[in-house]
Every structure is written in C-alpha cells, then in structure tokens.
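Position 1 is the first residue of the sequence; numbering continues from there. As a basis for the values below, the full set of heavy atoms in this structure was taken, side chains included, without hydrogen atoms, waters or symmetry mates.
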Amino acid sequence: MKKSLLCLLLIISSSTFAITAFADSGGFVGPAKDSITNVKDALAAPDDAQVTLTGYITSSLGDEKYHFQDDTGEMVVDIDDDDWNGLKVTPKTQVIIQGEVDTDGTNVKIDVDTITAQ
C-alpha cells in the first residue's frame, strides 16, 4: 500500500513539474524579419504577413476583438483572453502588438500573438 501511494505521489509530482516547466518557458519577443510596422501597410499586406504595431487600443468590440489605432490608421485586432497575461491597458496606454495579418475576403484584422505596454 505504501509503495502504491508513493508511486502515485511521484507520478503526480512529476506531472506538475512538467506542466510548470513548460508554462514558464520563454522565448524571443521582438519584431520578426521584414515585419510590417504600421496600420496602413498592414491593411494592404497579404494574409499571414508578420506585423509589429505600436499604437493604442481605443475600444473593445466584443468577442476578443478590439479597435486599434496608430498614426497611419485604424483597424481591428483579435487578442485572445490568455494573450493579455494580466496586462491592463486603457485607450491612453501605448502598446506594442505582434502577430499576423488575417484576411477574410475584404475584411483585414490582426491575429495578435503578444501584446506589451510601452
């Protein structure tokens, strides 16, 4: 009985460690090579083009979509709830978003991978 309990405890501990280790893993956060850097160019870019935009989220449109604006224009960005990582922003908070262009017919938006406040 003690051996079974010890084995079970060891398995649970190992699983918890593995999940924590992967959840805390980091990586490079910075612009991709040839990344588009403004809304005007992002609106004209092909599907899946990499972007790094600096500007402001001016409003929520619901369903994880937000209105984003920089000096060259405005567009919709899609930020998954788990990509915020606890970051709180207002329309006056300048942010940097990284992601890719998502074109669906005539609609163009950015699927955001990371967001940071500046």
Side-chain angles (χ1 to χ4, degrees):
M1 178 68 176
K2 285 184 179 183
K3 285 184 181 182
S4 297
L5 185 58
L6 183 58
C7 286
L8 181 59
L9 184 60
L10 183 59
I11 290 170
I12 291 171
S13 298
S14 298
S15 299
T16 303
F17 173 75
I19 291 169
T20 303
F22 285 112
D24 291 339
S25 64
F28 178 71
V29 178
K33 182 180 181 220
D34 301 326
S35 184
I36 294 165
T37 59
N38 64 59
V39 169
K40 179 182 174 188
D41 292 341
L43 288 168
D47 194 38
D48 296 328
Q50 295 295 306
V51 300
T52 301
L53 306 177
T54 302
Y56 302 89
I57 295 174
T58 57
S59 65
S60 172
L61 302 172
D63 195 30
E64 299 182 337
K65 291 182 181 37
Y66 301 87
H67 188 255
F68 179 86
Q69 176 179 322
D70 71 6
D71 294 337
T72 67
E74 52 193 47
M75 68 185 311
V76 173
V77 297
D78 189 345
I79 307 172
D80 293 339
D81 290 337
D82 57 339
D83 289 334
W84 286 98
N85 293 321
L87 184 65
K88 305 251 188 249
V89 302
T90 70
K92 294 181 180 185
T93 307
Q94 189 174 45
V95 296
I96 300 171
I97 61 172
Q98 293 178 292
E100 57 274 336
V101 174
D102 181 20
T103 58
D104 180 21
T106 58
N107 296 324
V108 178
K109 67 177 181 171
I110 303 299
D111 281 332
V112 176
D113 295 323
T114 62
I115 178 169
T116 55
Q118 198 165 30

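- There is no path of hydrophobic side-chain contacts, each under 4.5 Å, that joins Tyr56 to Val39.
- Considering only heavy atoms from C-beta on, Phe68 stays 4.5 Å or farther from Glu74 through its side chain.
- Taking a 6.0 Å sphere around CG of Asp71, one finds it holds 12 or fewer heavy atoms contributed by other residues, nucleotides or ligands.
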TODO: Could you go through the side chain to side chain contact (heavy atoms under 4.5 Å, CB included) check for Leu87 and Thr93 one step at a time?
DONE: CA-CA 11 Å; Leu87 184 65; Thr93 307; over 6 Å; no

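- For Thr52 (side chain) and Ser35 (main-chain N/O), no donor-acceptor pair under 3.5 Å exists by modelled atom type.
- Separation of atoms CE (Met75) and CD (Gln69) is listed at 12.5 Å; rounding is to 0.5 Å.
- There is no path of hydrophobic side-chain contacts, each under 4.5 Å, that joins Ile36 to Ile96.
- If you take CD on Glu100 and CG on Asp48, they are separated by 6.5 Å, rounding to the nearest 0.5 Å.
- Checked against Ile110 for a side-chain contact (heavy atoms from CB on, under 4.5 Å), the options Val76, Val51, Asp102, Asp78 give a single hit: Val51.
- Panel note: side chain Asp80, backbone Asp82; no donor-acceptor pair is recorded below 3.5 Å.
- The minimum heavy-atom distance linking Asp47 with Thr103 is given by the pair OD1-N, 2.9 Å.
- When each of Asp81, Val77, Ile79 is checked for a side-chain contact (heavy atoms from CB on, under 4.5 Å) with Glu64, only Asp81 meets the rule.
- Side-chain N/O atoms of Asn38 and Asp41 include a donor and acceptor closer than 3.5 Å.
- Considering only heavy atoms from C-beta on, Thr54 stays 4.5 Å or farther from Asp70 through its side chain.
- Of all the heavy atoms in Val108 and Leu43, the pair that sits closest is CG2-O, 3.9 Å.
- Contact between Ala45 and Ala49 at its shortest, heavy atoms only, is CB-CB, 3.9 Å.
- Asp63 places no side-chain N or O within donor-acceptor distance of the main-chain N or O of Lys65, the cut-off being under 3.5 Å.
- Side-chain atoms of Thr114 and Gln98 form a donor-acceptor pair, as typed in the model, at a separation below 3.5 Å.
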